[in-house]
A.B. asks: 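Just passing along the structure, written as structure tokens.
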Amino acid sequence: MAAAALVRENFKFVSLFFKSKDVMIFNGLIALGTVAGQTAYNVFAFDCPCSSGRNYRYGLAAIGVPALALFLIGIMINKSTWDLVSECRLRNCRKLSGAAAFALLGTIVGRAVVAPLTWAVISLLQGQAYTCALSEFVVPSTLKGFPADQGSEVMAKFPCKESVPTELQGFWPEIDRQLKYESQLIGWLVVAGMSLAVFLMLCIKRCTSPLGYLQEDYWSEYRSNEKTLFQRTASVHALLLAAENIKSFFGFVALEEEEKQQLAEHQSASPVRSTEWNRVTGVYLYREKNGLPLYSRLNKWATYNEEDNVEAMDKEMEALC
């Protein structure tokens with residue numbers, strides 16, 4: 001039991017760490033995981049066919065297909081994606097201006113491209129996939145002393161050194177060096193371009209933000225804490241509601257000690273109406289009420305709920321900014 005409790009506590013700690021407000025750390029972990037995955041793939045799975053016509057497709061697939069898969073996964077696991085979907089489903093995106101949509105899509109795509117770009121860059125820097133894909137397109141006339149009558153079928157064999165004809169083995173280092181040079185040059189250009197793009201986007205974000213630097217940090221801290229507490233409370237609420245329904249059906253409910261304590265502490269849980277769920281679901285941009293900041297849809301809902309003015313709440317919950 002003690003070991004199980006220790007594992008649960010460690011798991012909670014890891015979960016909270018990955019839900020950290022520090023996006024840079026989270027993105028860094030994603031990038032490191034992608035680097036490890038890409039390196040393992042090159043070592044254990046990458047196997048160039050060394051055949052004209054197939055090299056190009058295999059090399060590009062080795063770079064592009066995993067990058068596309070990682071991008072789609074990044075889109076799917078981003079909460080903002082589903083906020084946008086909910087906004088369009090519940091309110092038909094009526095209040096979503098072009099600028100707001102651009103900012104939101106930029107946030108979603110910006111988070112999603114970390115892993116695929118890392119995969120593509122590491123692939124290019126290592127050079128194996130590029131060498132496989134482009135070897136058959138090397139022009140023999142650019143190689144001093146290379147037989148001019150050799151075609152793409154022979155050039156395609158160079159990624160597999162053992163498949164190269166004996167009389168051409170001496171050209172393998174030069175061809176390999178040339179293709180890796182091109183591959184790594186492209187990789188570093190991509191790194192430079194993305195670094196410049198990130199720098200410019202951060203500058204634009206800071207310059208156009210209605211908030212000061214300290215208040216933006218506070219807003220980020222608030223959203224992180226609200227998300228953590230909301231998920232924790234929702235989990236307990238769902239447990240209590242399920243326990244009440246099961247007890248109503250069977251006449252009793254089998255709970256663990258921790259769950260019994262929660263049930264004794266909170267007694268009961270009432271279902272939340274769909275209307276209220278919809279009010280706190282969707283896209284949210286910064287807004288104020290009488291000069292006081294409203295940091296989230298839930299913050300806005302709580303503020304207007306205290307006034308007990310349903311009409312004003314419905315009108316305000318439609319607004320994004």
Side-chain angles (χ1 to χ4, degrees), residues 15-35 37-38 63-121 190-191 193-211 216-217 219-228 230-231 277-287 294-300 317-321:
S15 298
L16 290 174
F17 179 79
F18 277 97
K19 293 173 184 175
S20 170
K21 63 183 176 59
D22 195 336
V23 175
M24 297 300 292
I25 292 178
F26 184 73
N27 287 345
L29 291 172
I30 292 176
L32 287 175
T34 306
V35 169
Q38 208 285 330
I63 297 175
V65 173
L68 177 61
L70 289 170
F71 177 74
L72 294 177
I73 291 172
I75 293 289
M76 288 187 291
I77 65 174
N78 194 327
K79 179 180 178 293
S80 296
T81 301
W82 307 114
D83 282 340
L84 180 59
V85 171
S86 298
E87 184 66 34
C88 293
R89 183 179 64 85
L90 297 173
R91 289 173 278 275
N92 299 318
C93 295
R94 292 190 301 270
K95 302 296 184 178
L96 194 61
S97 66
F102 178 80
L104 185 61
L105 289 173
T107 301
I108 295 172
V109 173
R111 290 288 298 275
V113 299
V114 173
L117 276 177
T118 302
W119 180 279
V121 166
V190 172
V191 171
M194 290 308 303
S195 299
L196 180 61
V198 171
F199 172 73
L200 291 176
M201 285 189 291
L202 287 176
C203 289
I204 292 173
K205 178 185 175 183
R206 293 297 183 185
C207 292
T208 58
S209 174
L211 306 179
E216 278 219 2
D217 281 351
W219 187 15
S220 176
E221 185 75 29
Y222 172 85
R223 286 181 298 182
S224 176
N225 288 329
E226 182 187 85
K227 179 181 177 181
T228 300
F230 189 92
Q231 290 177 336
W277 281 109
N278 291 340
R279 283 171 175 163
V280 299
T281 302
V283 175
Y284 184 77
L285 302 178
Y286 181 77
R287 192 168 174 80
L294 302 174
Y295 291 114
S296 68
R297 278 191 167 275
L298 184 61
N299 187 191
K300 185 192 290 188
M317 295 307 284
E318 289 286 324
L320 294 179
C321 57

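No experiment lies behind these values; they were computed from the predicted model shown.
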A.B. asks: Rounded to the nearest 0.5 Å, what's the gap from CZ on R297 to CZ on R287? Could you check?
C.D. replies: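 Here the rounded value is 10.5 Å.
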A.B. asks: For the backbone of S224 and the side chain of T228, can you confirm whether one donor and one acceptor N or O come within less than 3.5 Å of each other?
C.D. replies: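 Looks like yes, one N/O pair under 3.5 Å.
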A.B. asks: Taking the side chain from Y284 and the backbone from L294, do they hold a donor-acceptor pair closer than 3.5 Å?
C.D. replies: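 Yes, because the side chain of Y284 sits within donor-acceptor range (under 3.5 Å) of the backbone of L294.
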A.B. asks: Do R279 and K300 have side chains that approach each other closer than 4.5 Å (heavy atoms only, starting at C-beta)?
C.D. replies: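 With C-beta onward as the side chain, the pair stays apart.
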A.B. asks: Applying side-chain contact (heavy atoms from CB on, under 4.5 Å), name anything that partners V65, two or more places apart in sequence or on another chain.
C.D. replies: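 side-chain contact (heavy atoms from CB on, under 4.5 Å) check on V65 returns A61.
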A.B. asks: What is the distance from atom CG of D83 to atom OG1 of T107, rounded to the nearest 0.5 Å?
C.D. replies: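 Answer rounded to 0.5 Å: 11.0 Å.
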A.B. asks: Determine whether a donor-acceptor pair (N or O, by modelled atom type, separation under 3.5 Å) exists between the side chain of T281 and the backbone of W277.
C.D. replies: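 Yes; judged by distance alone, with no hydrogens or angles, the pair exists.
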A.B. asks: Mind checking the SG-CG spacing from C207 to L202? Nearest 0.5 Å is all I need.
C.D. replies: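 One finds 10.5 Å between SG of C207 and CG of L202.
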A.B. asks: State, to 0.1 Å, how close M194 and L117 come at their nearest heavy-atom pair, and which atoms those are.
C.D. replies: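 Looks like CE-CD1, 3.3 Å.
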A.B. asks: Identify the heavy atoms of P116 and A67 that sit nearest to each other, and give their distance.
C.D. replies: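 Scanning both residues completely, I find the closest heavy atoms to be CB-O, 3.1 Å.
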A.B. asks: So, R223 side chain and Y295 main chain: donor-acceptor pair closer than 3.5 Å or not?
C.D. replies: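 Checked: no pair found.
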A.B. asks: For N78, is there any backbone N or O sitting under 3.5 Å from a side-chain donor or acceptor partner on R111?
C.D. replies: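 No; judged by distance alone, with no hydrogens or angles, the pair does not exist.
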A.B. asks: Hey, what do you get for CG (L68) to CD1 (I73), rounding to the nearest 0.5 Å?
C.D. replies: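 Going from the CG atom of L68 to the CD1 atom of I73 covers 10.0 Å.
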A.B. asks: Are any side-chain N or O atoms of S220 and backbone N or O atoms of E216, one a donor and one an acceptor, separated by less than 3.5 Å?
C.D. replies: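 No: the side chain of S220 does not pair with the backbone of E216.
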A.B. asks: Using the test side-chain contact (heavy atoms from CB on, under 4.5 Å), find all partners of S296 that sit at least two apart in sequence or belong to another chain.
C.D. replies: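 By the side-chain contact (heavy atoms from CB on, under 4.5 Å) rule, S296 matches Y222, E226, L298, N299.
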A.B. asks: Do L105 and L84 make a side-chain contact, defined as non-hydrogen atoms from C-beta onward lying under 4.5 Å apart?
C.D. replies: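 Yes, close enough: below the 4.5 Å cut-off.
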A.B. asks: Counting distance only, does the side-chain N/O of W82 pair as donor-acceptor with the main-chain N or O of M76 below 3.5 Å?
C.D. replies: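 Yes, because the side chain of W82 sits within donor-acceptor range (under 3.5 Å) of the backbone of M76.
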A.B. asks: Run the side-chain contact (heavy atoms from CB on, under 4.5 Å) test against A112 and tell me which residues pass, sequence neighbours left out.
C.D. replies: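 Per chain and number, A112 pairs via side-chain contact (heavy atoms from CB on, under 4.5 Å) with F71, I75.
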A.B. asks: Could you grab the distance from atom CE of M201 to atom SG of C203, nearest 0.5 Å is fine?
C.D. replies: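 Here the interatomic distance stands at 10.5 Å.
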A.B. asks: Rounded to the nearest 0.5 Å, what separates atom OG1 in T34 from atom CH2 in W119?
C.D. replies: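 Rounded to the nearest 0.5 Å, the OG1-CH2 separation comes to 8.5 Å.
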